[in-house]
Amino acid sequence: MNQTEQKKYFSQHLLEWYMQNKRDLPWRRHRNPYYIWVSEIMLQQTRVDTVIPYFNRFIERFPTVEDLADAPEQDVLKCWEGLGYYSRARNLQAAAKQVKELHGGQVPDDKQAVFALKGVGPYTAGAVLSIAFNKPEPAVDGNVMRVLSRYFLIEEDIMKGSTRSYMEGLVALLIPEGRASDFSQALMELGALVCTPKSPHCLTCPVMEHCAARIEGVEESLPIKTKAKPPRPEYRVVALVEGTGEHAGKVLIRQRPQSGLLARMWELPHVQVPQTRSGRLPDEPAMDILAGALPEEGVTARPEGYMMDAEHTFSHIHWNLQVYRYREASIPLAAESREVYMLEHERADEEASVPQYRWIAEEDMALYAFPNVFLKIIREHFKR
DNA sequence: AAGACGGGGAG
DNA sequence: CTCCCAGTCTT
């Protein structure tokens, strides 16, 4: 069998397999470009099973591009809470505004326009164009690179941009005439269900007969991929401040900065502390450092004692959190004067802006988007 | 080209 | 526990 025959065999058998085995997924029930687009953004670095409930809630809350464009950003972040990579949500809404303003609310179907949308790179552009509009554009994600690297025994590092470009050229040759939508999905479906990263299910694979890696017995060692650096540890001391007086029963939260890690999400006040030789900072100095930092949040508070430890791993940082209970000791006048100041000076775009903070009751948690690690701590508090 | 950017699942 | 997953934006 020559190269051309190997390719034809692959496309035909893969497509037949897909038509028999495709999963019933919420975004596959209609060919709505907005649904396809939202699902593809959510599916970046995220498994299908995780995405499904988020997708359903998101579409229920923002049924159209225009609903998304017009929503408060905090509502969008709240819908994304727990999904991670929150710039995806912020970029998706920014892109919805682009689609509303520039394209009358219709997701564009030409390459330049789709690629120009915020948060849409080569993969997502290809996915939207092929899946939603049946255009013969390659959509090369990790699944596709794994499948192709095995079937064609490609030993280039898939972390290199040049490898992805090569794969795009290959996929373009494989797309059957008029079947771009099904073929794009078939390729990724095979990677997700059969040609899995570890112990691939070769015996049920529709193209195993001519899979070069299986024939050579090297399917488990492909694709070739450079390993990521381990996350660097950071130690942080966190305050769970319980309010008194008019804030009785409430907890102090603050909003993160406009950009960077977890941008514009809400969290408990905390400070980074130097790593000691033993790792953990002892409780007394930890509580004191934090008590000294809290006045900058506009409150004075008395330390009450240790509450819990928590850990959270990002792709590049590992947070070790020591959480302490505090009790509000005075009315935060600084807070009110700061709000007046903010109102008087329309300084929304000032970079060194003072963090927003707020007292919230348990039921107010529905109004603010928190990273999972703080959600866990705050729920633990209100459970008490 | 390299680093920033979350969170969950499998073994 | 450890290992694995891997798109886009920024620098």
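Hydrogens, waters and symmetry mates play no part in the numbers below; they use all other heavy atoms, side chains included. Letters A, B, ... mirror the listed sequences (proteins, then strands); counts begin at 1. Everything quoted here is computed from the prediction, not taken from an experiment.
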Donor on one side chain, acceptor on other, A:E156 and A:S162, under 3.5 Å: no
Using a heavy-atom cut-off of under 4.0 Å over every strand shown, decide if [X] touches base, sugar-phosphate, or nothing.
| X | answer |
| --- | --- |
| A:Y85 | base |
| A:S315 | base |
| A:D141 | sugar-phosphate |
| A:R90 | nothing |
| A:G161 | nothing |
| A:K225 | base |
| A:T313 | base |
| A:L262 | sugar-phosphate |
| A:A228 | base |

For a quick test of reading the model: is some side-chain N or O of [X] closer than 4.0 Å to OP1 or OP2 of [N]?
| X | N | value |
| --- | --- | --- |
| A:Y123 | C:dA6 | no |
| A:T124 | C:dT8 | yes |
| A:N372 | B:dG8 | yes |

What nucleotide, of [options], holds the atom closest to the side chain of [X]?
| X | options | answer |
| --- | --- | --- |
| A:H316 | C:dG7, B:dC5, B:dG8 | B:dC5 |
| A:R47 | C:dT8, B:dC5, B:dG9 | B:dG9 |
| A:F314 | B:dG3, B:dG6, B:dG9 | B:dG6 |
| A:Q45 | C:dC5, C:dA6, C:dC9 | C:dA6 |

A:M365 vs A:I360 side-chain heavy atoms within contact, under 4.5 Å: yes
Distance, rounded to the nearest Å, where A:L43 contributes CG and C:dG7 contributes C1': 12 Å
Side-chain ion pair, A:E189 and A:K22, N-O less than 4.0 Å: no
A:K229 vs A:L83, nearer the 5' end of DNA chain B by closest nucleotide: A:K229
